[in-house]
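Right, one structure below, let's go through it.
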Amino acid sequence: MSILRLVIGRVLLSLLTLLLVSIIIFAIIEVLPGDVASRILGRDATPETLAALRERLHLNDPAIQRYLSWFGGMLQGDFGNALTSARPITEILAPRIFNTVLLSAVAFGIYLPLALIPALIQATHRERPVDHGLSVVTLILLSMPDFLLATVLMILFVIMIPVLPAISLVVETSTVSQYARALVLPATTLAIVMAVYAVRMLRDNLIEVLESEYIRMAELKGLPRRKVLLRHALPNALVPTLNVTALNLGYLIGGVVIVEKVFGFPGFGSLLVDSLQLRDVPLIEATVLIAAAVYIAANLLADLGAILLNPRLRAG
Amino acid sequence: MTTPSPLLEVVDLDVAYRHGDGWARVLHKVSFRIGAGEAFGLVGESGCGKSTAAYQLLGYRRPNSLIEGGKVLFKGCDLLALERHELDRLRGNRISLVPQNPTTALSPGMRVGHQITEVLRTHRAAPNDAAAEARMIELFRLVGLPDPERVGRRYPHQLSGGQQQRVTIAMALACDPDLLVLDEPTTGLDVTTQEQIIALLIELRARIGLSMLYVTHDLGVLAQIADRVGVMYAGHMVEMAPTEMLFRQPRHPYTRGLIASVPQLEAVGRPTERSLKGLLRRDELPTGCPFQPRCAVAEPSCAGNRQRLEPVAPRHDVACQRWRAIGVPDLAMVKGEAPAVVEAAAIPLLSLDGVTLGYGGARGPLARLLAPVALPVVQDLSFRIDRGETFALVGESGSGKSTVARAVSGLIEPLAGAIRFEGEALPRSVGARSSELRRRIQYIFQNPDASLNPRMRVGAILARPLEIFQNLDGAAIRERIARALDEVRLEAGYAARFPDQLSGGERQRVAIARALVADPDLLLCDEILSALDVSVQASILDLLARLRQEHAVAMLFISHDLAVVRALADRVGVLYRGQLMEIGPAAEIFTPPFHPYTHALLMAAPGIQTERRPPATQRLASAPVAGNKGCVFAGRCPWQVGRLCEEVAPPWQLAGRDLRIRCHIPLDELSARAVWRPDREGPRLAEPVEPSFLPSKSRAAPR
Amino acid sequence: MMAVAQPTMPGESRWERVARFWRRAPNSFRIGAVVLLIHLFVAATGPFWAPYGLSQMGTGIPLAGMSWAHPFGVDQLGRDIFSRVVHGAHIVILLSLSGTFLGLVIGAVVGLISGYVGGWIDEILQRLIEALISIPFLVLALIAIAAAGPQLAGQPILIILVVALVYAPRIARMARAAAVDIATRDFVTVARLRGEGAWSVMRRELLPNASGVLLVEFALRAGYAPVLIGSLGFLGFGMRPPTPEWGLMISENRALLIVSPVTVLGPGLTLASLVVGLNLFTDGLARILGRTVRLADA
């Protein structure tokens, strides 16, 4: 199969998934159980307010029509207005997304060395004390819920050694150094969680490659150990790494929800939680769909990367 | 011949592998020497330690292995005492390896040319990159790779298995090594490719004068390539002799069994000595002779006495205390009775008429919408099988022979043509067939590891067909299972075991029993011997021959192994790339005239009696694929008659009573060209009519 | 291979067999099992011996730090945190296990059908599974809870359903992969050639061979369920106060972090120890079954 067809097929599949996701989100929030308006208003509802809200949300229209106009608007970049603040959702989202992208970028920067170095050490010293020690550390970190890890880091660096602010609040006028101080703890939390997953997988991948016959062949060709590792082992262990990174991106989108909330960082994740607490239906739908779209895009990129990196597919 | 001065000497090597909490000895005081220019073969069943011994010659230790004693002296220097950086200077340079499986041994992400120049640069065998490049091309030419510049830029997966193995051979030869270690270098390859690689190795030996250690389980290969052979059993060297002497006068009972186990292509009969019985069980090895539990001539003291190699003749050593008593065997063959000729019935049991088969281009309906092409694997195939008849379909892997069995069983639906059973059209898919039809056609798969549910006991596996087809109740089922196990020579107690508690041969027996309890009329046997060890193959073959008599069942026997086919089949069809090349009674298939492809297969099949052939003229590893207009074998055919073969579909020619050959070359010329002879008394190596196997465009059209 | 060959020695009692299995089990399995047993013991008996009642106030000075009487401190309302953690154990464990189990059953059935039956059914189920997995699991859980409305909010059944909703598609994907793999093996072909129906093939041939995968998958998911439930509680979408769910307690006491960190660390480390135990147990189980655990799956 030609590579172009593979790529196009993969892209089409992603778009189909996104379409399905939008239907699922719409179905869960607006259609499934009972009346949206009374859910939003809760106990304070009076018949008049309910009717007004229904009118505002076009709840009297059939579901399919509402879905189409909602999704159609999204496609044109029009997310509608938030319920609570009545501001355009795009306007609310923009600074939040900027903050979260910044946070994720810093987190990824910390994550890469945090994942690669221990994995390399473990794979080359397998079944030795270093390997076992690192395994125990990763296991414990793996078992820590991210909100606990965030809290522990906070206890360490805010309370015991007070060098960082407890609340990572930034506004558009914040200085670079304010941003930096605000980002350290949340980014480190995210990086640790992602790295812990990656270390284990990378270690196993590397070991598998190191045990393969072509590595034995390379050794029996008389290549020195360093060349075997760098020229034959690493390149072949990198493709699966890409996959872990995509999985981690997927985690990141959920992880920011918790971590931003813990540190009071005004990003996309805390917006999502706030919109849920305020029952701001249009805002919820927009944020959830964006989160899913990012996840799908990350997986798509990882797959395409794997296709391009695999000589079998690239040349075939 | 005088003993050459040893290039390499292995002295009393003891190696153990970690096994649970302790160590399990895999090599016991193994000693041998290899002289300069000598080819030494190590042979034995899988797990006998031959590969472990071979890798010690490269100073390679598995992570969980321990060398408990001994020396490996290379030009007087003990390899086992060297540091890694000292070994690095020898490996790939003075001593190099040709691995078993080139597909996994070549680095998947690196161009093959680069993998060669890397060796040259590492060992400073080439002063600069350009020189390394030139040497790489020279090496590729030496090993017969077509278009070396282009091949060098390919990735391993873009080459065929035979081409990959040529690359690893080129890599091993790169620095003009003193010693080549070959670890089963042809095991993973097709028969014809196997033959080409062996021919290449023989030729290289003649040209470069290499020393070799050749490790294999295949005695036939060693007969062609080795000067001396060492036979290993359970980590012990049990016999060592010059090749011809070993085959003519094997002394050790194990060697004799091993030789007798190899199915003979040249004669239908069976050797006087029976093949090996039982299996190597590592946990039940006696302290003395390891072969004692399986040995027919053992005496009680064998189990306790450590056997040492002692000379029985000049340069012939054997480790058996009974060698004097059992004497020298006579390996003359007895002609067996040819299988009875089955009278052709009016209505055949199974008939295929112009059947074309293929698989869909992609998996999943959504993907298929994007890529709806079905690639035909088998084209316009016709044959018939009568009641009680064994029809063998022979061909290399990829010839589509298994696809035929799958279509008959209803697993895939034919794209065109008709399959009839007792004259009636078979419903195309298994779901559309009646339970009765499903019972009457039973399928036995190649690999019993995969065809038995690992989570079911043998009893339950055998009970399912009885419940479904025979409608029996509990007691009757148990009784029938016991009988079925007995028929395949397994104890009744096996019913309580899980498949992974059985050996490979025992599992295949269970699979056969499962097919037979359905009381079928037709057995589809899909390469059912190829996953088994040689000694096990022989016993399963015996079992099949007997069961065929007792049950009067017809068989579609699919195999790549001509020797097996010759021993079992009534009629044979030869398949190449999905098309029949030749079809007829077994007796006539194995006598001239041969279809060129059949002839190539026969020549390629290694057999013990095959004496060394003159080095075959170098052939291209891969020939251009012909368009589908002409003969599918055109381009690979050694006797091709120019463009006619590529452009015009060959006609069927009737030869003899019932033999049909699809070829442009006239029958008498096919007979004249035949080099292979069926009987070993006759002249076995006639001079080839056309010395070059290279397809030549200039050759004249047939008269 | 999947089968755990545990050959029976003649004349061996069941206890001797268990003992032998235990001796040979990997360390991770043994440590994990011990940690789990302690948690199970606390969950089962805790309410009978906890020093103070579930919502008993005035047990000590509010916000007092660690002491012998109050190992995890005292919260703002004067409740003993240690007692509340003990009281909460069975809630956390029961919710995790039942939610994961429900997800396993749904996921396994859907996955096996999708993988074995194939065709359009497979295609549709696969797309649906893919779409559900594309919504980050915490986000999916949160919108499901939000959609459930006020009547169900804070109910244990909602938490169980949400855990199942999050896990079912992920388990289904695993089960499907296993089914596709097993379905290509010859013994399944043999069953099809006998004319066995899809249901029979799934029950007799696929399920027993997929059970190893599913078991590991269950253990793996169950190990993460307390974290998921804790996260929901932490964000205020899980159980309602005064339920002593550990995540919720961490959230309640976070305001006191500066004064008394132990009120947060107590329930937090207890939660972590449960997850460590489950993960070790899973790792050991997977080793026994001869597979490698794939831990990352967001």
Shorter than 4.5 Å, heavy atoms on both sides: which option in A:Ile253, A:Ile155, A:Leu19 has the most such pairs with chain C? A:Ile155
What residues of residues 227-240 of chain C sit under 4.5 Å from chain A when only non-hydrogen atoms are counted? C:Val227, C:Gly230, C:Ser231, C:Phe234, C:Leu235, C:Phe237
If I measure from the heavy atoms of chain A, does C:Leu274 come under 4.5 Å with its side chain, its backbone, both, or neither? neither
With C:Arg254, which residues qualify under salt bridge (charged side-chain N to carboxylate O under 4.0 Å, His left out), at least two apart? none
Closest non-hydrogen atom pair, C:Ala131 against A:Ile24: CB-CD1, 3.7 Å
Are A:Thr287 and C:Val139 close enough, and set up right, to give a side chain to side chain contact (heavy atoms under 4.5 Å, CB included), and what steps lead you there? CA-CA 10 Å; A:Thr287 45; C:Val139 176; over 6 Å; no
Can you name the closest pair of heavy atoms from C:Val276 and A:Ile140 and give their distance? CG2-CA, 4.3 Å
Going by heavy atoms in the side chains, are A:Phe147 and C:Leu271 under 4.5 Å from each other? yes
Quick one: pull up CG in A:Leu139 and CG in C:Leu280 and give me the separation to the nearest 0.5 Å. 4.5 Å
Please state whether the side chain, the backbone, both or neither of A:Val152 comes within less than 4.5 Å of a heavy atom of chain C. side chain
Measure C:Ile143 against the heavy atoms of chain A and call it side chain, backbone, both or neither at under 4.5 Å. both
Between C:Pro136, C:Ala272, C:Pro267, C:Ser134, who has the most heavy-atom pairs with chain A when the cutoff is under 4.5 Å? C:Ser134
Going by heavy atoms in the side chains, are A:Ile28 and C:Leu140 under 4.5 Å from each other? yes
Calculate, to the nearest 0.5 Å, the distance between atoms NZ and OG belonging to A:Lys261 and C:Ser251 respectively. 10.0 Å
Sorted by first residue and then second, give each salt bridge (Lys or Arg N to Asp or Glu O under 4.0 Å) pair with at least one member in residues 239-257 of chain A; sequence neighbours left out. none
Chain C shares the most heavy-atom pairs under 4.5 Å, among A:Asn299, A:Val273, A:Val262, with A:Val262
Tell me whether C:Leu37 at atom CG has more than 12 heavy atoms from other residues, nucleotides or ligands lying less than 6.0 Å away. yes
Name the region of A:Met194, side chain, backbone, both or neither, that has any atom closer than 4.5 Å to a heavy atom of chain C. neither
Euclidean distance, C:Arg127 CZ relative to A:Leu13 CG, rounded to 0.5 Å: 4.0 Å
Listing request: all side-chain hydrogen bond (donor to acceptor under 3.5 Å, both in side chains) pairs with a residue in residues 135-147 of chain A, at least two apart in sequence or in separate chains. A:Gln122-A:Ser135, A:Ser143-C:Asn279, A:Asp146-A:Tyr251
Could you look at A:Leu148 and say if it's the side chain, the backbone, both or neither that has a heavy atom under 4.5 Å from chain C? side chain
What distance do C:Asp283 atom CG and A:Arg200 atom CZ have between them, rounded to the nearest 0.5 Å? 6.0 Å
